[in-house]
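Below: the structure, in structure tokens.
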Amino acid sequence: MPKMTDQKQDKPAVKPRMIIPEQEKSKEAAQVQEKPNVTVPKLEKPKATSQEQEKSTGTTQEQEKPKMSSQEQEKSEPTAQELEKPITPVQEHDQLTMTVFEQEKHTETSLRPKPPKFKKSTQEPQRNPVQNFIDLTPPVEKEPETAQGWLELFEKEWGLRGRAIILPDNANWKEIYKKKPFGRNLLKSPNPEGLSTTQPPPKEEFDPPPEKKPLETLGDFSGWQISTEDIPVDRSNVPPGVVVCYLPEYSWCVKEQLLDLSSEGLWPELLDSYQPDIYVLDWYEDSKLHKYVYELHVKLLADDKKTILAQLDLTPENAMSGEPKGWNMVSHIFKSYGSGLRYIHFLHKSKDLSVLGFHRTRVADSTLFAQLRG
């Protein structure tokens with residue numbers, strides 16, 4: 001019990017510590033007295049409410065609108081009233097919308113996927129480098145006035161004398177120079193359908209099945225002699241008495257050209273003595289229609305167009321399984337073919353299939369050009 005009295009006596013001893021809260025109360029009372037100074041701007045709210053009431057009547061702000069329209073026209077000299085004018089919620093929303101739209105537009109353009117880049121074949125030079133080879137030749141600033149001047153220009157670009165090439169005096173060097181006989185594709189319309197060998201061939205539509213159309217309507221086949229070779233239907237695997245509704249009917253689409261080398265700028269002395277290399281390249285579609293869907297036949301002919309100096313015959317075999325590989329390339333280089341070359345006969349075949357529609361094997365970027373060695 002004495003201990004309990006001690007605790008009761010200790011309670012009054014705590015009262016002197018309450019002096020601090022009383023001081024704080026005096027401070028809070030002083031802060032309460034200062035609040036009218038802080039709330040002075042809030043006293044202007046009735047003015048704002050009176051303006052809002054006037055919006056419903058349309059008396060005050062309707063008179064101010066013409067003033068604002070005239071002030072907005074003077075954008076180069078904004079007044080203090082314009083700077084102090086509060087932004088309405090509608091204007092603030094429009095500004096935020098435009099800012100977000102510009103950010104999204106910038107993000108869209110920066111993240112927009114780039115078109116895929118197709119890798120070039122490393123096996124053989126493709127057609128584009130062959131055709132662009134002549135474009136690398138600098139243009140003639142001033143054409144020579146004499147045949148000797150054209151010969152010197154031709155010699156400067158190709159270094160003919162350094163290769164021990166015979167240069168006849170009676171040759172028309174102006175005409176030969178302008179024909180650009182080296183590195184230029186000598187075939188006419190080498191890519192009639194405008195297909196790109198750096199991209200897969202376009203897929204055929206099966207609904208409805210593709211119909212057979214005249215080849216001349218599918219592109220520019222000028223310079224080509226076109227014919228069709230029907231292949232007999234193979235009935236060896238059909239048992240006697242069995243009726244088959246659909247049998248595959250194959251045919252060859254044959255395209256050929258005969259090139260006159262002298263008209264392409266290659267003079268006889270060059271062909272007989274130096275014998276420039278003759279490059280042949282061609283691309284055909286991996287159509288999976290048959291094991292053999294393509295043939296290439298090239299003949300180097302003499303002046304009579306019958307004597308064969310050199311010949312190329314290719315019939316590549318293709319796998320029937322797996323997905324189509326896009327394009328297959330064939331190539332060959334004629335070297336040391338002997339004197340007397342005057343013409344080149346170029347012929348290729350592509351196999352087509354007629355069953356539940358007409359399906360083709362397409363060919364693109366046929367190339368044949370002469371090139372100096374070294």
I'd like to know if the side chain of Thr367 and the backbone of Asp365 have a donor-acceptor N/O pair within less than 3.5 Å. yes
Given 3.5 Å as the limit, does a donor-acceptor pair link the side chain of Ser189 with the main chain of Phe221, or not? no
Residue pair Ser366 / Asp282, side-chain donor-acceptor N/O under 3.5 Å: yes
Carboxylate-amine/guanidinium proximity below 4.0 Å for Asp272 and Arg342: yes
Is there a donor-acceptor pair closer than 3.5 Å between any side-chain N or O of Glu229 and the backbone N or O of Val254? no
Run the salt bridge (Lys or Arg N to Asp or Glu O under 4.0 Å) test against Asp286 and tell me which residues pass, sequence neighbours left out. Lys288
Distance col, row Leu347:CG vs Leu312:CG, nearest 0.5 angstrom, shows 11.5 Å
Treating Asp352 as the side-chain partner and Thr361 as the backbone partner, does any N or O pair qualify as donor plus acceptor under 3.5 Å? yes
Look at the side chain of Trp173 and the backbone N and O of Leu167, then say whether any donor-acceptor pair between them is shorter than 3.5 Å. no
Validation row: Asn328, Pro316 side chains within 4.5 angstrom (heavy atoms): no
Run the salt-bridge test on Glu256 and Lys299 with the 4.0 Å N-O cut-off and return the result as yes or no. no
Between Glu216 and Lys255, does at least one N-O distance fall below 4.0 Å, as a salt bridge requires? no
Could you point out which residue of Leu300, Leu270, Leu266 forms a side chain to side chain contact (heavy atoms under 4.5 Å, CB included) with Leu341? Leu300
Given Glu285, which of Lys325, Arg360, Arg362 fulfils the side chain to side chain donor-acceptor pair (under 3.5 Å) condition? Arg362
Is the charged tip of Lys156 near the ring of Phe154: under 6.0 Å from the six-membered ring centre and within 45° of its axis? no
Counting N and O atoms only, with roles assigned by atom type, does the side chain of Arg184 sit under 3.5 Å from a partner on the main chain of Lys179, one being a donor and the other an acceptor? yes
When you measure from the side chain of Lys291 to the backbone of Met320, do you find a donor-acceptor pair of N or O atoms at a distance under 3.5 Å? no
